[in-house]
Amino acid sequence: MAITIYNSYSGEREVFVPHDSKRVTVYVCGPTVYNNAHIGNARPAVVFDVLVRLLRHLYGSKHVIYARNITDVDDKINAAATSEGVPISTITERYIKIYHRDVAALGVLPPNFEPRATDHIEEMKLMIERLISKGHAYASGGHVLFDVSSYPEYGALSKCNQDEIIAGARVEVAPYKKNPSDFVLWKPSVDGQPGWASIWGVGRPGWHLECSAMIESHLGETIDIHAGGRDLLFPHHENEIAQSVCAHDGKTFARYWMHNGFVNIDHEKMSKSVGNITLVSDLLDEAPGEAIRYALLSAHYRQPLSWSSASLSLARRNLDRIYEALRLLEDVRLEASPIPAPTVLAALEDDLNTPKAMAEMAALVRLANTAQDERARREAKSSLIGSGALLGILEHDPTKWFAQGVEVDTNEIDELIEARNSAREAKDYKKADQIRDDLNARGVVIEDSNLGTTWRITK
RNA sequence: GGUCCGGUGGCAGAGUGGUUAUGCAGUGGAUUGCAAAUCCAUGUACGGGGGUUCGAUUCCCUCCCGGACCUCCA
């Protein structure tokens, strides 16, 4: 079975065939590090983490090369640095750390490469020179601009022809441009703005250039999958295509384009003006990272995701149910490494249909909870854990999962449960129920089963 | 104005030209000392109007509603 991907470039679902199955290349546009990571930053990280997990499963982890960049030079970063009176590296280092911490808490595996713009200034300058020499770029007033008229295919990704783009332009055209659609490859740095020496003067790269340059140097001239947020489709990705294709004499830049939808907060766009920016770090105080991840995966990646406290608690509940099934299988020992269920695998292969995968997980849970013999129970456990690994969930021990989050003395709970069970044996139900009610009041729920009494935290 | 994407049962959210999505919540039952958990059962859902079709939530047209992007800002 092969993966099907909705390719934003063609606007159609396509069967994914890597250029070289021994070297599958994926690039995802990562964060611009000028503030805290919010839930909208987390979505592509999580979604494409699932993609990479799936690719590694199918092609072998050695054969998948995944790069996710960090934009560490940018005017927003400059503004933050200026207002704090510190060098930009102070800002970027701070927020890179936070991003790494937050995204790791969501079970996102580190990419093979995490290139930073400031480490690739030379590569970018070389690319500019190549574009100029091939007649695709020109220097003007300290700027270097990409000449859009030299690339007739411009607009193919965003499905906009140049006339339409110009007609809709709402920003004044800079005087140094030949054509309104031309975009900056290099811009001058003045008044202490961070800059690098170049033959065009001290300056810094245009935003789009870094991805083209870093993809070229880490992954090659043509990559298999290029992904990122939907907002990046135009102009960022459109411009990347123009730069890379022209620098490489018409060679295809990315063979498949994937774009994830936005996260809305309570059905409203997340924005500073509304004041509903939801930070990952705040959510981590409310719920385990895995629950946040589950919530992010509960809608299809191309659809808008409505985030709310209800969606998060629902995610947690659903995850609890799966962990409950795992806990009931705690006595089952797996002899081989876990294998994903074909149903879950098929769902993910179908354009990363994570909600369908979740539904299949629910079916596995029922299977696990009704399994009679040892073999069925072993298979159920293997499927659950193997499938969970593709989704990046179920990475905790069930008992620990249910104990996390609330300050409780586990020894005390065990003692109370023992006392309750003694009372039950003595048929002193009044006392037994009293103990249970007390624990309930503290957020500890008691569950009796054939395997004994277990407990979990509720919130 | 241009381009694109959506509108599914109380909520979340898949999918399909004719057969149960799934989960949560609700209801009934089993189990349990009682619970919890689990299991079983259960709901005239597919924005409005046309059309194509033996048959459309699923294809086409149209209308209404919502959202995204439309450049130097990343």
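Nothing here was measured: the structure is a model prediction, and the numbers come from that model. Lettering of chains follows the sequences in order, A, B, ..., and the numbering in each one begins at 1.
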Integer angstrom distance from the [atom1] of [N] to that of [M]:
N     : M     : atom1 : result
B:C69 : B:G13 : C1'   : 25 Å
B:U58 : B:U52 : C1'   : 14 Å
B:G43 : B:A21 : P     : 10 Å
B:G15 : B:U20 : C1'   : 12 Å
B:U57 : B:A25 : C1'   : 24 Å
B:A41 : B:G50 : P     : 38 Å
B:U42 : B:G2  : C1'   : 50 Å
B:C39 : B:C5  : P     : 40 Å

State which of [options] makes the closest approach to the side chain of [X].
X        : options             : answer
A:Ser181 : B:C40, B:U71, B:C34 : B:U71
A:Pro235 : B:C73, B:A21, B:G13 : B:C73
A:Asp448 : B:A35, B:A37, B:C40 : B:A35
A:Arg420 : B:A12, B:A35, B:A21 : B:A35
A:Arg13  : B:G15, B:U71, B:A12 : B:G15
A:Tyr429 : B:A12, B:G33, B:U71 : B:G33
A:Thr370 : B:A21, B:A37, B:C39 : B:C39
A:Leu314 : B:C69, B:C39, B:A12 : B:A12
A:Phe183 : B:A12, B:A37, B:U71 : B:U71
A:Arg436 : B:C73, B:A35, B:A21 : B:A35

Just the rounded figure in Å: distance from [atom2] of [N] to [atom1] of [X].
X        : N     : atom1 : atom2 : value
A:Leu305 : B:G66 : CG    : P     : 21 Å
A:Arg302 : B:C4  : CZ    : C1'   : 12 Å
A:Asn264 : B:A68 : CG    : P     : 7 Å
A:Asn260 : B:G67 : CG    : P     : 20 Å
A:Asn353 : B:U16 : CG    : P     : 9 Å
A:Glu360 : B:U22 : CD    : P     : 10 Å
A:Glu12  : B:C4  : CD    : C1'   : 15 Å
A:Tyr9   : B:C4  : OH    : P     : 15 Å

Is there a side-chain contact between [X] and [Y], using heavy atoms and a 4.5 Å cut-off?
X        : Y        : answer
A:Val26  : A:Ile223 : no
A:Ser387 : A:Leu390 : no
A:Ile225 : A:Phe16  : yes

Does a side-chain N or O of [X] approach OP1 or OP2 of [N] to a distance below 4.0 Å, or not?
X        : N     : result
A:Lys187 : B:U71 : no
A:Asn369 : B:C39 : yes
A:Arg321 : B:A37 : no
A:Arg316 : B:C24 : no
A:Ser306 : B:G13 : yes
A:Asn440 : B:A36 : no

Both A:Trp207 and A:Ile446 contact RNA chain B. Which one's nearest nucleotide lies toward the 5' end? A:Ile446

Which residue, A:Gln303 or A:Leu367, contacts RNA chain B at a nucleotide closer to its 5' end, judged by nearest heavy atom?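 Checking each residue's closest nucleotide, the 5'-ward one belongs to A:Gln303.
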
Are there more than 12 heavy atoms of other residues, nucleotides or ligands under 6.0 Å from atom NZ of A:Lys356?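 Counting neighbours around NZ of A:Lys356, 12 or fewer heavy atoms of other residues, nucleotides or ligands fall under 6.0 Å, so no.
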
Inspect the surroundings of CD in A:Glu418 and state if more than 12 heavy atoms from other residues, nucleotides or ligands are less than 6.0 Å away. no

In plain terms, say whether A:Lys400 and A:Glu330 are close enough for a salt bridge, that is, a side-chain N and a carboxylate O under 4.0 Å apart. no

Could you tell me whether A:Arg420 and A:Asp433 make a salt bridge, using a distance below 4.0 angstrom between a side-chain N and a carboxylate O? no

Take N1-N3 plus N6-O4 or O6-N4 for Watson-Crick, N1-O2 plus O6-N3 for G-U, both under 3.5 Å. Which runs of 3 or more such pairs involve RNA chain B? B:1-7 with B:64-70, B:10-12 with B:22-24, B:26-30 with B:38-42, B:47-51 with B:59-63

With a non-hydrogen cut-off below 4.0 angstrom, is [X] in contact with a base, only sugar-phosphate, or nothing?
X        : value
A:Asp182 : base
A:Thr32  : sugar-phosphate
A:His300 : sugar-phosphate
A:Val445 : sugar-phosphate

Please evaluate the base of B:A68 for a donor-acceptor partner in the side chain of A:Arg230 within a cut-off of under 3.5 Å? no

Per the atom types in the model, does the base of B:G33 pair as donor or acceptor with the side chain of A:Asp433 at under 3.5 Å?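 Counting by modelled atom types and ignoring angles, a donor-acceptor contact under 3.5 Å is found here.
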
Could you grab the distance from atom CD1 of A:Ile128 to atom CG of A:Leu145, nearest 0.5 Å is fine? 10.0 Å

Where the side chain of A:Glu123 meets the backbone of A:Ser217, is there a donor-acceptor pair that is under 3.5 Å apart?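 The answer is no, because no donor-acceptor pair under 3.5 Å joins these two groups.
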
When you measure from the side chain of A:Tyr27 to the backbone of A:Ser212, do you find a donor-acceptor pair of N or O atoms at a distance under 3.5 Å?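 No, A:Tyr27 side chain to A:Ser212 backbone: no donor-acceptor pair under 3.5 Å.
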
Does A:His226 have its ring centroid less than 6.0 Å away from the ring centroid of A:His259? no

